[in-house]
*Asks:* 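Input: one structure, supplied below.
One is the number of the first residue; the rest follow in order along the sequence.
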Amino acid sequence: MTVPRLEPSLTGARIVPVLVLDNPAEAVPLAEALVAGGLTTLEITLRTPGALACAEAIAAKVPGALVGLGTLIRPEQFAQARDVGARFVVSPGLTDRLAEAAKAAGLPYLPGIATVTEALIAYEHGFRELKFFPAMLNGGAPALRGMAPLLPKICFCPTGGIKAETVREILGLPNVFALGGTWLTPADAVKERRWADIERLAREAAALVA
């Protein structure tokens, strides 16, 4: 089975804000601010009771956003993601059951890996785009640079511990097609609904790779 790829769908900067959201009333203006700042690919993590509702609201009300669901750890979550309008899905790791569910959902899927062995397992399942996670704890740019000649047909979206000052180096690697991070949505700015600050952070991040 051919697995859809995420990279051809990406628009705007190749930086994916990783969002922990629980309230759709906050999710929509937050997404609007990120999109206005040039970051259009958004990953909503399934870490809160309201995450699915937030993803559905963004997908329905923010037409410029490419919405993905992250932290999928159970097979049934793939169909749920598709049903709320998600355009891609992400997991922190990979199992046989998750691979089967991802293929059945028909969405681009980024399974998480931390080692070459895990990357080879994902490759055997047919996945060519992988999440390198947690990126900075597992060596960051030097680790990805070392993997490039070993895994020439695999490209990565690293997440986990990435900060603005490392964006250019990581995105400059030939085997990295995007990266994700949480630094773009500080908890205090979200809590206080400082959407202008979020848009500014998004613009600054987008400018790093303009």
Side-chain angles (χ1 to χ4, degrees), residues 1-10 14-21 41-48 51-52 55 59 65-162 170-171 173-182:
M1 177 184 293
T2 301
V3 180
R5 296 177 59 236
L6 173 60
E7 186 175 9
S9 302
L10 294 178
R14 296 180 295 142
I15 299 173
V16 183
V18 179
L19 311 176
V20 181
L21 302 171
T41 305
L42 312 177
E43 177 189 339
I44 294 88
T45 59
L46 290 181
R47 302 180 190 177
T48 66
L52 281 172
L66 181 71
V67 178
L69 262 290
T71 324
L72 276 67
I73 58 174
R74 301 193 307 274
E76 64 270 19
Q77 291 174 321
F78 288 82
Q80 293 172 345
R82 182 189 58 211
D83 291 346
V84 300
R87 303 276 297 281
F88 67 96
V89 285
V90 185
S91 291
L94 180 66
T95 67
D96 290 342
R97 293 181 66 210
L98 293 180
E100 292 171 3
K103 292 175 183 178
L107 298 172
Y109 175 46
L110 306 180
I113 68 95
T115 67
V116 171
T117 297
E118 292 172 353
L120 289 173
I121 292 171
Y123 185 79
E124 287 183 353
H125 278 290
F127 302 111
R128 304 293 184 265
E129 295 177 331
L130 309 179
K131 170 181 178 175
F132 182 54
F133 176 80
M136 302 312 289
L137 285 178
N138 284 292
L144 287 161
R145 191 176 292 111
M147 288 183 183
L150 307 176
L151 306 167
K153 295 185 179 180
I154 294 176
C155 55
F156 295 94
C157 178
T159 68
I162 295 174
I170 293 173
L171 280 180
L173 297 173
N175 58 342
V176 171
F177 73 95
L179 61 77
T182 59

*Asks:* Kindly write out the residues that satisfy side-chain hydrogen bond (donor to acceptor under 3.5 Å, both in side chains) with Glu76, not counting sequence neighbours, or none if the list is empty.
*Replies:* Arg74
*Asks:* Look only at the side chain of Thr159 and the backbone of Gly181, and say whether a donor-acceptor pair between them is shorter than 3.5 Å.
*Replies:* no
*Asks:* Checking side-chain contact (heavy atoms from CB on, under 4.5 Å) for the pair Phe133/Val90: CA distance, chi angles, key distance, verdict?
*Replies:* CA-CA 11 Å; Phe133 176 80; Val90 185; over 6 Å; no
*Asks:* Between Ile170 and Met136, does a side-chain contact (heavy atoms from CB on, under 4.5 Å) hold up when you go through it step by step?
*Replies:* CA-CA 11 Å; Ile170 293 173; Met136 302 312 289; 4.3 Å; yes
*Asks:* Grab the two heavy atoms, one from Thr71 and one from Gln77, that are nearest each other, plus how far apart they are.
*Replies:* O-OE1, 4.1 Å
*Asks:* At their closest point, which heavy atom of Phe177 faces which heavy atom of Arg14, and how far apart are they?
*Replies:* O-CD, 3.1 Å
*Asks:* Rounded to the nearest 0.5 Å, how far apart are CD1 of Ile162 and SG of Cys157?
*Replies:* 7.5 Å
*Asks:* Once salt bridge (Lys or Arg N to Asp or Glu O under 4.0 Å) is applied, do any residues pair with Glu7, and if so which ones, sequence neighbours excluded?
*Replies:* Arg5
*Asks:* Which heavy atom of Leu94 sits nearest to which heavy atom of His125, and what is that distance?
*Replies:* CD2-CD2, 3.9 Å
*Asks:* Please walk me through it: do Val3 and Arg128 pass side-chain contact (heavy atoms from CB on, under 4.5 Å)?
*Replies:* CA-CA 8 Å; Val3 180; Arg128 304 293 184 265; over 6 Å; no
*Asks:* Give the minimum heavy-atom separation between Pro158 and Ala178, together with the two atoms involved.
*Replies:* CD-O, 3.1 Å
*Asks:* Using side-chain heavy atoms (C-beta onward) and a distance below 4.5 Å, is Val67 in contact with Val84?
*Replies:* no
*Asks:* In Å, rounded to the nearest 0.5 Å, how long is the span from CG of Leu69 to CG of Leu19?
*Replies:* 11.0 Å
*Asks:* Go through the structure and list residues passing side-chain hydrogen bond (donor to acceptor under 3.5 Å, both in side chains) with Arg87, not counting sequence neighbours.
*Replies:* none
*Asks:* Does the Asn138 side chain pair with the main chain of Ala143, one donor and one acceptor, at a distance under 3.5 Å?
*Replies:* no
*Asks:* CD1/Ile154 to OH/Tyr123 distance, rounded to the nearest 0.5 angstrom?
*Replies:* 7.0 Å
*Asks:* When rounded to the nearest 0.5 angstrom, what is the spacing between CD1 in Ile113 and CG in Leu130?
*Replies:* 5.5 Å
*Asks:* May I have the step-by-step check of side-chain contact (heavy atoms from CB on, under 4.5 Å) for Phe156 and Leu173, ending in yes or no?
*Replies:* CA-CA 10 Å; Phe156 295 94; Leu173 297 173; over 6 Å; no
*Asks:* Can you tell me how far apart OG1 (Thr48) and CG (Leu46) are? Round to the nearest 0.5 Å.
*Replies:* 8.0 Å
*Asks:* Check whether any side-chain N or O of Ser91 sits under 3.5 Å from a backbone N or O of Leu72 as a donor-acceptor pair, and report yes or no.
*Replies:* yes
*Asks:* Of all heavy-atom pairs between Leu151 and Ala119, which one has the smallest distance, and what is that distance?
*Replies:* CD1-CB, 3.7 Å
*Asks:* Any side-chain heavy atom of Thr182 sitting closer than 4.5 Å to one from Val20?
*Replies:* no
*Asks:* Using every non-hydrogen atom in the two residues, find where Gly146 and Pro149 come nearest and quote the distance to one decimal.
*Replies:* O-CD, 3.4 Å
*Asks:* Rounded to the nearest 0.5 Å, what's the gap from CZ on Phe88 to OH on Tyr109? Could you check?
*Replies:* 13.0 Å
*Asks:* Does any N or O in the side chain of Thr41 come within less than 3.5 Å of the main-chain N or O of Leu66, such that one atom is a donor and the other an acceptor?
*Replies:* no
*Asks:* Validate the cation-pi geometry between Lys103 and Phe78: distance from NZ or CZ to the six-membered ring centre under 6.0 Å, angle to the ring axis within 45°.
*Replies:* no
*Asks:* Does the Glu129 side chain pair with the main chain of Leu6, one donor and one acceptor, at a distance under 3.5 Å?
*Replies:* yes
